[in-house]
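The structure displayed is predicted, hence computed values, not measured ones. Sequence lines set the chain letters: A, B, ... in the order given, protein chains first and strands last, and positions in each chain run from 1.
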Amino acid sequence: METKNKGGKGEGRQSKIEEKRWDKVIEIPIARKWKDNKLYAFDRKSKKPVYSIDTPPPYVNTPVHIGQAATYVLMDMFARFRRMTGHNVLFPLGLDRNGLPIEMAAERKFGIKLGDVTRERFIKMCRSVLEESSSATEETFFRLGISFNSWKAGEEVGDIYHTDSPDYRSLTQDSFIDLWNKGLIYEDDRINNFCPGCGTTIADAEVIYRDLPSKFNDIIFRVKETGEKIIIGTTRPELICTCAMVIFNPKDDRYRSLEGKTAVTPVFGKEVPIKSHPYAEMDKGTGLMMMCSAGDLTDIRFFREMNLEPLIAIGSNGLMNEHAGFMKGLTVQQARGKMIEVLIEKKLLVKQKDTVHRTPVCERSKDPIEFISMKEFYLKQMDCKKKMLELAKKISFYSPRSRQIMIDWINSVSIDWPISRRRYYATEIPIWYCAKCKHPILPPKGEYYQPWKDKCPWETCPKCGHGEFYGEDRVFDTWFDSSMSPLYILKYSRDGEFFRRNSPCSLRPQGKEIIRTWLYYTVLKDYLLTGELIFRDAWINYHIVDDNGKKMSKSLGNIIDPQEVIKRFGAEPFRMWCAIEGNLENTDFRCSFDRIEGTHKTLTKIWNVARFVSMFPKPGKRPELEPADRWIMNEVNKLVKNARKCYEKYDFHTPAAEIKHFIWETFASNYIEMVKTRAYNENGDFSKQEQESACFALNHALETVLRLLAPVNPFLTYRLYEELTGKDIHFTEFPEPEKGPEKKMQFTTEELAELNSGIWKAKKDKGESLKSEIEKMEMPKKFREIGSDLRRMHNISKLSFV
RNA sequence: GGGCUCGUGGUCUAGUGGCUAUGACGUCGCCCUCACACGGCGAAGAUCGAGAGUUCAAUUCUCUCCGAGCCCACCA
């Protein structure tokens, strides 16, 4: 296609930029160049203040999803902005490779379960899953233009780190040793959440709730003293064997006579006391409630409160044990069916009703949680709830509203944090035990230990002098690892000087759904280790939903794959979309290919504005500016001020929308149209100074806008800035508002836009072309100062002001 | 049950105690005007969820209700 300015009237004027629009293929060589030149490497010698971002390590075995892509793009904007404001930015990529998601992927891939093969073999299988998956994640981030310090895994500041590297794991183990020595760790045998699918204890934070269908059974008990029948409703008949008490509400007159009597459980014939207790609600079921050990969390609390001895009928393998009598060896589901059969046979089941039961399930495997007693390690957290609240108030949250989520969670914490897990692919708990006296022995810090296969570093037991040991075989909760990330990237306990200078970490960006885990545990653990608050800012992003406001999920088939987005549009439209559409902090926001593609038009517009401006070289010296040019500089100045203010607060949405509006409306439609003739100055109607003023303002305004957009659209702005100025936009500073008193214009921008629009409409209504001549026109005198530009813009022969 | 959001043209969205309520997509009309037809100019389209209150004035503040979503607790 031929460009219009070649030949014809625009003779001699040629745009430096040939292509008519932004093309995604330009991105790849640019990204590669940046990578090859190590443009974003962290400079340890730099004197600039460090701005550090504790990026959320994604799991490597699943492709990057759209939410992560958007989050990383936004983080990248933060990083690029800080670089332009004179910071030495620490922005490393971390990859999470520990824990259940990897193990479950390995189990699926090899068709095995944890206990089926040796530990060595299982770990090998996990490794093989990991090897396959790592590079896809990095490739996606690379194509999105994320400015990580490094693309190489390593131990230098800013390198890609793996949470399963010996270096990272040893730091996790060090933290355990420190906390142990501070007396903050203890082992206890207590009822806990147990996931039968994962075969391990899990923390409250890992429990979620699902509505699952269940049956509500009305079952006959007998009162020993009177022989009368009482009916109790339950969804867990298999737990009748552990029933320790029957209760009713103190206000419930129906059962007052039962107070202090004894109930006999069906089938098992166990005698249990009947008491009144407010836990029982009058309108639930029959109003009578059997209290079984560990049916759910209420039961646990109740047993603790009433000092009842819990009888655990579910073993650590998830199967019913000897306390379940005839149900021994069955799974919980099987046992329930069997119990119902027996009850029916004995005519003890009065009624069965379908119900939906909000069931606690494991966050990872989605198996219903059972409550069983096991020995686990705990980190004391109950003692520092007050301190945690204090710290939560000290963090600067963006938006501030998100703080409440953390506060709510802290207030609801009710037991210490169980940190040990019975899995394989995770950081090992670094303890050996004396084979004779069972005394626990911790190794010295600084090494990565695998006690289940390594030799104990001590020769003899310091307590009894015995020389044989066995290693601990449990591992840590993944959050015990993840909560080390800011300490790890800041070289805590590895480079004391670096850590002291650069702690606390500037920013923790993360999703709202892991405030109660990642954010809470990190702040908690790092406080216990260092005595300080580890973050200055926390930026909490919400969710991306589909075009109809529905959650994206594989089963609904409404997933937007970022790899597909990159393939179709490249990175820049997506990046622009992230900035413009996402009031990310406010609510969930919607995403579709159409919406992303929509921003492409703005990129084309910027491209063509730049093509136009590039026809007019920037004068070396700033000339005395004409009023219209001063006006556009004022407008740019407003943009700069606001962008600075908002970017500081992690708000890219407001400035991006403003900049977009500026480019389309103010700059392209009004300013360019107005000064075009003066910039061309074909008939020599204008003085050299007048022409240069236009050329200067055109260039200056555009350059400034490009710099404002550089964090949002690095590829596009890099390319255009290079064309226009020959310089690399990376090495320019973020624009400062121009100082000195602005000369106020007589008119406002809105008034000018209205005036122009009115003239265009009038010509339109008369069926005339926009450049047709207007013989005579009057306009308000506030426009006098830009009169000559307006006269040429609209081709007015006689212009007067009133 | 406790807490937190949100409800603005067909769709999505901005915004504010006070001019005729922002913009985008979509729809319709006209225009290839020397940066851009992935463009330009213009038109139609909203009683700002419902009701009450505070106020000279409410879409904006307060309360109630209706509707949507999220988090926490709980459901024997």
Side-chain angles (χ1 to χ4, degrees), chain A residues 1 3-11 13 15 17 20-22 208-209 214 216-217 219 232-237 239 243 246-248 279-281 283-292 295-299 302 355-360 401-402 404-405 407-409 411-412 414 512-513 515-516 542-543 545 547-551 573 580-581 583 586-590 592 594-595 597-616 653-654 657-658 660-661 664-665 668-669 672-673 676-677 680 682 756-757 760-761 763-765 767 769-772:
Chain A
M1 213 178 282
T3 44
K4 288 271 160 56
N5 59 316
K6 281 181 183 164
K9 285 187 197 167
E11 63 198 292
R13 291 278 175 205
S15 171
I17 302 166
K20 267 179 130 176
R21 57 188 63 108
W22 171 250
I208 57 169
Y209 288 83
S214 176
F216 199 81
N217 308 283
I219 293 166
I232 294 178
T234 179
T235 54
R236 306 287 310 259
L239 291 178
C243 176
V246 170
I247 58 169
F248 61 90
Y279 268 159
E281 284 177 46
D283 50 0
K284 286 260 168 69
T286 59
L288 283 172
M289 179 178 180
M290 67 167 188
M291 297 310 296
C292 304
D296 59 48
L297 290 165
T298 324
D299 298 348
F302 185 86
T355 176
V356 176
H357 191 201
R358 203 158 158 72
T359 315
R401 199 184 290 147
S402 307
Q404 198 55 41
I405 303 176
I407 290 174
D408 287 349
W409 175 249
N411 283 328
S412 72
S414 64
K512 66 172 172 182
E513 75 285 358
I515 289 180
R516 65 180 185 159
Y542 283 63
H543 287 290
V545 293
D547 212 15
N548 301 314
K550 287 228 174 68
K551 219 173 183 171
I580 243 160
E581 188 110 12
N583 226 324
N586 222 349
T587 45
D588 296 342
F589 73 115
R590 303 180 184 216
S592 69
D594 287 347
R595 282 165 193 263
E597 196 179 11
T599 61
H600 201 275
K601 292 210 285 187
T602 301
L603 301 179
T604 306
K605 191 72 182 178
I606 296 170
W607 187 264
N608 280 294
V609 165
R611 281 184 73 210
F612 174 77
V613 172
S614 75
M615 282 191 282
F616 308 100
H653 165 250
T654 313
E658 266 179 25
K660 182 179 161 190
H661 181 261
W664 284 96
E665 306 303 324
S669 290
I672 287 185
E673 294 304 331
K676 227 175 200 174
T677 344
Y680 278 117
E682 270 163 11
N756 289 332
S757 181
W760 287 323
K761 184 168 166 21
K763 285 188 178 178
K764 188 98 203 165
D765 289 348
S769 106
L770 291 184
K771 50 180 183 178
S772 67

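The CH2 atom of Trp409(A) sits 11 Å away from the C1' atom of A73(B) (whole-angstrom rounding). Rounded to whole Å, the distance from CG on Asp408(A) to C1' on C4(B) is 8 Å. Here the C1' atom of nucleotide C75(B) and the CD1 atom of Ile247(A) are 13 Å apart, to the nearest Å. A straight line from CG of Leu239(A) to P of C75(B) spans 13 Å, rounded to a whole angstrom. Going from atom CD1 of Ile407(A) over to atom P of C72(B) covers 16 Å, rounded to whole Å. Note: CD1 (Ile606(A)) to P (G39(B)) measures 13 Å, nearest angstrom. One can place CD of Glu665(A) at 19 Å from P of A14(B), the figure rounded to the nearest angstrom. Going from atom CD of Glu673(A) over to atom P of C36(B) covers 11 Å, rounded to whole Å.
Taking the P atom of each, A73(B) and G2(B) are spaced 16 Å apart, rounded to whole Å. For the C1' atoms, the distance from U59(B) to G7(B) is 12 Å, rounded to whole Å. Rounded to a whole angstrom, the distance from the P atom of G10(B) to that of C48(B) is 13 Å. Comparing the P positions of G40(B) and G3(B) gives a spacing of 50 Å, expressed to the nearest Å. C28(B) sits 33 Å from C6(B) when the C1' atoms are compared, rounded to a whole Å. Between U47(B) and U60(B), the two P atoms lie 15 Å apart (nearest whole Å). For C74(B) and U55(B), the C1' atoms lie 44 Å apart once the distance is rounded to whole Å.
Between Thr599(A) and Pro573(A), the shortest heavy-atom distance links the atoms OG1-O, 2.8 Å. Residues Thr602(A) and Lys660(A) approach most closely at OG1-CE, 3.4 Å, considering heavy atoms.
Relative to the side chain of Arg611(A), the nucleotides G40(B), C72(B), C36(B) differ in distance, and C36(B) lies closest.
Contact annotation for Ala657(A): no contact, since no heavy-atom pair falls under 4.0 Å across all strands. Among the heavy atoms of the strands, none lies under 4.0 Å from Thr654(A). Residue-level contact check: Glu658(A) touches neither bases nor backbone, having no heavy atom under 4.0 Å from any strand. Within 4.0 Å of Thr604(A), counting heavy atoms only, lies at least one base atom of the nucleic acid. Residue Trp22(A) is classed as having no contact, given no heavy-atom separation below 4.0 Å to the nucleic acid. If you check every strand for non-hydrogen atoms under 4.0 Å, Lys605(A) touches a base. Using a 4.0 Å heavy-atom cutoff across all strands shown, Ile672(A) reaches at least one base atom of the nucleic acid.
Nearest-nucleotide positions on RNA chain B place Ser669(A) closer to the 5' end than the other of Ser669(A) and Thr234(A).
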Dot-bracket for RNA chain B, 5' to 3', Watson-Crick and G-U pairs with both distances under 3.5 Å, [ ] for crossing pairs, | for partner on another strand, reads (((((((..(((.....[....))).(((((.......))))).....(((((..]....))))))))))))....
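Side-chain contact between Phe612(A) and Ile672(A) is present, with heavy atoms from C-beta onward closer than 4.5 Å.
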Checking side-chain contact (heavy atoms from CB on, under 4.5 Å) for the pair Met290(A)/Thr234(A): CA distance, chi angles, key distance, verdict? CA-CA 8 Å; Met290(A) 67 167 188; Thr234(A) 179; 3.5 Å; yes
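The main-chain N or O of Trp22(A) is never found under 3.5 Å from a side-chain atom of Thr604(A) such that the two would form a donor-acceptor pair.
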